Colleague: 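To start, I am sharing the structure in question, which I have written as structure tokens.
We're numbering straight along the sequence, starting at 1. Everything numeric in this text was worked out from a predicted model, so none of it was measured.
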Amino acid sequence: MGSHRRLAPSGFDRGARGATLCVLTAAAAALGALPAGAAPHDDGRAEVDRLYEEAERATESYNRADERADDLRGQVGRAQDRMARQQERVNTMRDALGSLAGAQYRSGGIDPSLALMLSEDPDDYLDKAAALDRITSRQAGDLRDLQGAMRELSQEREEATRKLAELERSRAAVARHKRAVEQKLSKARRLLNALPEGERAALDRASRSGRTPDLSGAVPSSGRAAAAVAAAQSAVGKPYVWGANGPGGFDCSGLTQWSYAQAGVGIPRTSQAQAHAGRQVPLSQAQPGDLVTYRSDASHVGMYVGNGQVVHAPYPGAAVRYDPVGMMPVSAVTRP
């Protein structure tokens, strides 16, 4: 949404920004991590922001692959069930057709005129012969239809299995990328842990951001939005956990999905899909319960709770918390 103005240049809490710059500058200088002539605080902050963004993108990609894989598993299972039912019907019809064919063969082995003369009830013989012809024709048509349906189901199952295998490979690749990002985050954490205890404690306090902002006068857009906001607020303090959607931990889209689920509303799993899970409104018209997605790729999402604040799961190592809605560039505001 081009009209949105970036109110703060990074994902850090405003109150933590100054401490973060100083901390990262000192740590980077101590470890010789920055090239000569570089601006230490800018480079350090940019590196940590980049690591957090990579981690979040990896998580959302993982969630998307996981969701698609689960969907395809369901498709494959349903196709297999349909195949089994169709196969049972075909087997039953084949048995019936075999019996009819045997009877027809035995009847056809006798000259029809002789069979008619030998029949105790010629009218009954004619009725049975006509019925036999009709049943055979109908059953043969049904069998052709079922065989066609079986071919289609077989193709569908093969395609679904192929897609599932492809998605499993994709999911494994995302998981590998996730591990790589976790390693980078671990390096960043070690860098921060090398700081003096006082500076590290100051940064940790700022990152926890346990404060509750003044939300008086904020009116949700609906009753279900109010219930979702209440659920999101109840999660404040819970940890950020890779790929989690509650109730013990959350990633960013897991928090918003879980919060709306507590209100009886189903929304998609990923932040990119959540950006389109309702009516988009201008940021200036945001109401509590609206979903706020961030960055040009909508790789982060939070829930607007009023008075310029969102609740969100920020990044690994930080708990669910309140932050200014303009903490990052806003890409969309969506009202489910």
Colleague: Any idea which heavy atoms bring A313 and C252 closest together, and the distance?
Modeller: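 Shortest heavy-atom separation between A313 and C252 comes out as O-CB, 3.7 Å.
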Colleague: In terms of hydrophobic clusters joined by side-chain contacts under 4.5 Å, are V241 and V236 together?
Modeller: no
Colleague: I'd like to know if the side chain of Q309 and the backbone of Y322 have a donor-acceptor N/O pair within less than 3.5 Å.
Modeller: no
Colleague: Between D71 and R68, does any side-chain N to carboxylate O distance fall below 4.0 Å?
Modeller: no
Colleague: Distance check, rounded to the nearest 0.5 Å: Y294 atom OH versus S299 atom OG?
Modeller: 12.0 Å
Colleague: I'd like to know if the side chain of Q287 reaches the main chain of A225, judged simply by a donor and an acceptor atom lying under 3.5 Å from each other, with no hydrogens or angles considered.
Modeller: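 Answer holds: no.
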Colleague: L291 vs R335, test: side-chain contact (heavy atoms from CB on, under 4.5 Å). Steps then yes/no.
Modeller: CA-CA 6 Å; L291 304 175; R335 187 164 296 159; over 6 Å; no
Colleague: I'd like to know if the side chain of S234 and the backbone of A231 have a donor-acceptor N/O pair within less than 3.5 Å.
Modeller: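 Between the backbone of A231 and the side chain of S234 there is a qualifying donor-acceptor contact (under 3.5 Å).
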Colleague: Which atom pair, heavy atoms only, marks the closest approach of A218 to G306?
Modeller: CB-CA, 3.8 Å
Colleague: Please confirm whether the backbone N or O of P247 pairs with a side-chain atom of K238, one donor and one acceptor, at under 3.5 Å?
Modeller: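 Side chain of K238 to backbone of P247: a pair is present.
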Colleague: When you measure from the side chain of N245 to the backbone N and O of R269, does any donor-acceptor pair fall under 3.5 Å?
Modeller: no
Colleague: For F250, which residues count as a ring-ring contact (aromatic ring centres under 6.0 Å, His included) partner, sequence neighbours excluded?
Modeller: W258
Colleague: Are E166 and R162 within salt-bridge range, i.e. N to O under 4.0 Å?
Modeller: yes
Colleague: Where the side chain of D70 meets the backbone of E67, is there a donor-acceptor pair that is under 3.5 Å apart?
Modeller: no
Colleague: Applying side-chain contact (heavy atoms from CB on, under 4.5 Å), run through R295 and R57 and close with a yes or a no.
Modeller: CA-CA 11 Å; R295 307 189 188 110; R57 290 189 178 103; 3.8 Å; yes
Colleague: Do we see a donor-acceptor contact under 3.5 Å between the side chains of Q274 and T256?
Modeller: yes
Colleague: How many angstroms lie between atom OG1 of T59 and atom CG of D66, to the nearest 0.5 angstrom?
Modeller: 12.0 Å
Colleague: Considering all heavy atoms of both residues, which atom of A69 and which atom of E168 are nearest to each other, and what is their separation?
Modeller: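 Shortest heavy-atom contact: CB-OE2, 4.1 Å.
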Colleague: State, to 0.1 Å, how close P268 and A277 come at their nearest heavy-atom pair, and which atoms those are.
Modeller: CD-CB, 3.5 Å
Colleague: Should H312 and Y240 count as side-chain neighbours, where that means a heavy-atom distance under 4.5 Å?
Modeller: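 A side-chain contact under 4.5 Å is absent here.
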Colleague: Measure the shortest side-chain to side-chain distance between P282 and V333 over non-hydrogen atoms and say whether it is less than 4.5 angstrom.
Modeller: no
Colleague: Please identify each residue that fulfils side chain to side chain contact (heavy atoms under 4.5 Å, CB included) with S271, with sequence neighbours left out.
Modeller: E60, S253, V301
Colleague: Between D323 and R321, is there a side-chain N and carboxylate O pair less than 4.0 Å apart?
Modeller: yes
Colleague: Which atom pair, heavy atoms only, marks the closest approach of A332 to Q280?
Modeller: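 Smallest heavy-atom distance, with atoms named: CB-NE2, 3.8 Å.
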Colleague: Which heavy atom in M303 sits nearest to a heavy atom in A232, and how many Å separate them?
Modeller: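 Where M303 meets A232 most closely, the heavy atoms are SD-CB, 3.9 Å.
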Colleague: Could you walk me through whether T293 and H300 satisfy the side-chain contact (heavy atoms from CB on, under 4.5 Å) test, starting with their C-alpha distance in whole Å, then the side-chain angles of each, then the deciding distance to 0.1 Å, before giving a yes or no?
Modeller: CA-CA 6 Å; T293 46; H300 187 75; over 6 Å; no
Colleague: Has Y260 got a side-chain atom pairing as donor or acceptor with G289's backbone, closer than 3.5 angstrom?
Modeller: yes
Colleague: Between D251 and N63, does any side-chain donor sit less than 3.5 Å from a side-chain acceptor?
Modeller: yes
Colleague: Quick one, V320 with V311, criterion side-chain contact (heavy atoms from CB on, under 4.5 Å). Give me CA distance, side-chain angles, the key distance, then yes/no.
Modeller: CA-CA 7 Å; V320 174; V311 168; 3.7 Å; yes
Colleague: Are V305 and V310 close enough that some pair of their side-chain heavy atoms sits under 4.5 Å apart?
Modeller: no
Colleague: Is there side-chain contact between V229 and S259, with at least one heavy-atom pair below 4.5 Å?
Modeller: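 Of all side-chain heavy-atom pairs linking S259 with V229, none is under 4.5 Å.
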Colleague: Could you check whether any side-chain heavy atom of T334 comes within less than 4.5 Å of a side-chain heavy atom of Y304, counting everything from C-beta outward?
Modeller: no
Colleague: For S61, enumerate each residue passing the side chain to side chain contact (heavy atoms under 4.5 Å, CB included) test, keeping only those at least two apart in sequence or located in another chain.
Modeller: R64, V174
